[in-house]
Amino acid sequence: MTETPPSSAQPVLYPDPGGPLIDWQRVSDLRAEIGAEDFDEVVALFLTEVQATLDRLPGCATDRHALSEQLHFLKGSTLNLGFSRLSTLCEAGELAISAGLGAPLDPEMLCSCYARSRQEFLDQLPRLRAA
């Protein structure tokens with residue numbers, strides 16, 4: 001009996017990859033690389049761009065190329081700022097598209113992961129700034 005790939009209409013439900021939401025070492029390294037003032041600007045831009053990209057995902061559901069591009073952008077930007085679990089989810093979605101597995105993941109899972117990651121990041125950011 002052969003398995004049929006998931007329908008392109010239904011998202012593949014990947015389990016949460018687990019692990020930390022935020023790679024705090026990466027966040028500290030980035031802050032040290034670019035300086036505190038520029039870091040705050042990067043964070044503000046990052047939060048705005050990631051939310052805007054997540055808001056666009058449902059509109060890309062039928063265009064695999066556009067969806068792959070959006071996930072690729074999210075993967076890179078989230079990895080750069082230490083949002084490691086979200087980056088892993090984006091990578092899984094991007095790989096699923098390239099493998100032809102239909103809809104790569106549920107956008108709500110990405111949004112939920114981003115919301116939790118963002119909250120943890122903003123809650124812990126004052127401690128990073130004080131260090």
Side-chain angles (χ1 to χ4, degrees):
M1 174 184 229
T2 37
E3 280 188 44
T4 48
S7 161
S8 61
Q10 294 295 324
V12 177
L13 298 177
Y14 291 103
D16 189 308
L21 292 170
I22 307 293
D23 176 351
W24 288 105
Q25 185 60 53
R26 175 63 195 134
V27 176
S28 295
D29 290 348
L30 179 62
R31 188 169 187 263
E33 289 169 15
I34 65 176
E37 186 176 307
D38 288 338
F39 179 77
D40 288 343
E41 290 178 31
V42 167
V43 167
L45 182 62
F46 166 82
L47 294 174
T48 300
E49 288 184 352
V50 167
Q51 186 61 59
T53 303
L54 288 170
D55 291 344
R56 283 192 297 272
L57 287 181
C60 298
T62 59
D63 182 346
R64 297 292 177 239
H65 180 73
L67 184 57
S68 181
E69 287 179 346
Q70 297 300 310
L71 290 172
H72 183 77
F73 168 78
L74 284 171
K75 176 186 72 175
S77 60
T78 56
L79 188 61
N80 188 46
L81 200 60
F83 282 53
S84 55
R85 191 179 307 180
L86 183 56
S87 182
T88 299
L89 285 171
C90 292
E91 180 179 35
E94 193 178 10
L95 291 172
I97 290 171
S98 68
L101 296 178
L105 48 90
D106 181 357
E108 288 302 314
M109 180 189 292
L110 286 178
C111 291
S112 174
C113 183
Y114 173 67
R116 291 189 328 268
S117 300
R118 182 180 185 274
Q119 188 62 53
E120 179 179 313
F121 183 83
L122 294 175
D123 286 350
Q124 297 300 319
L125 198 54
R127 293 174 69 195
L128 179 68
R129 286 180 178 139

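Note that this is a predicted model, so its numbers are computed, not measured.
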> For the residue pair S117 and L21, what are the closest heavy atoms and their distance?
Replying inline: OG-CD2, 3.6 Å
>> Tell me which pairs pass side chain to side chain donor-acceptor pair (under 3.5 Å) where either residue lies in residues 37-49, with sequence neighbours left out.
In response: D40-R129
> Excluding sequence neighbours, so at least two apart, what forms side chain to side chain contact (heavy atoms under 4.5 Å, CB included) with D55?
Replying inline: Q51
> Do F83 and L74 come within less than 4.5 Å of each other through their side chains, counting heavy atoms only?
Replying inline: no
>> Assess whether a salt bridge exists between R26 and E33, defined as any Lys/Arg side-chain N lying under 4.0 Å from an Asp/Glu carboxylate O.
In response: yes
> Looking at CD1 of I22 and CG of L81, how far apart are the two atoms once the value is rounded to the nearest 0.5 Å?
Replying inline: 7.5 Å
> Can you tell me if S84 uses its side chain to pair, donor with acceptor, with the backbone of P20 under 3.5 Å?
Replying inline: yes
> With a 4.5 Å heavy-atom cut-off, do V50 and L54 have their side chains touching?
Replying inline: yes
> Can you check whether R31 reaches L128 side chain to side chain, under 4.5 Å on heavy atoms?
Replying inline: yes
>> Same cluster or not: L45 versus L125, using hydrophobic residues (I, L, V, M, F, W, Y) connected whenever any side-chain heavy atoms lie under 4.5 Å apart?
In response: no
> If you measure from CG on L47 to CG on L122, what distance do you get to the nearest 0.5 Å?
Replying inline: 6.0 Å
>> Could you report the tightest heavy-atom contact between L71 and G93, atom names first, then the distance?
In response: CD1-C, 3.7 Å
> CE/M109 to CG/L89 distance, rounded to the nearest 0.5 angstrom?
Replying inline: 6.0 Å
>> Any side-chain to backbone donor/acceptor pair from S112 onto E108? Under 3.5 Å, distance only.
In response: no
> Atom OG1 in T78, atom CD in E91: separation rounded to 0.5 Å?
Replying inline: 10.0 Å
>> Nearest 0.5 Å, please: how far is SG in C111 from CZ in R116?
In response: 11.5 Å
> Short question: side chain of R56, backbone of Q70 - any donor-acceptor pair under 3.5 Å?
Replying inline: no
> Would you call the rings of W24 and F121 parallel, tilted or perpendicular, where under 30° means parallel and over 60° means perpendicular?
Replying inline: parallel
> Would L57 end up clustered with L79 when hydrophobic side chains under 4.5 Å apart are linked, directly or stepwise?
Replying inline: no
> Sequence neighbours excluded, which residues qualify as ring pair (Phe, Tyr, Trp, His ring centres under 6.0 Å) partners of Y114?
Replying inline: none
> Between atom CG of L110 and atom OG1 of T53, what is the distance when rounded to the nearest 0.5 Å?
Replying inline: 11.0 Å
> Is S68 reaching over with its side chain to a backbone N or O of R64, donor-acceptor style, under 3.5 angstrom?
Replying inline: no
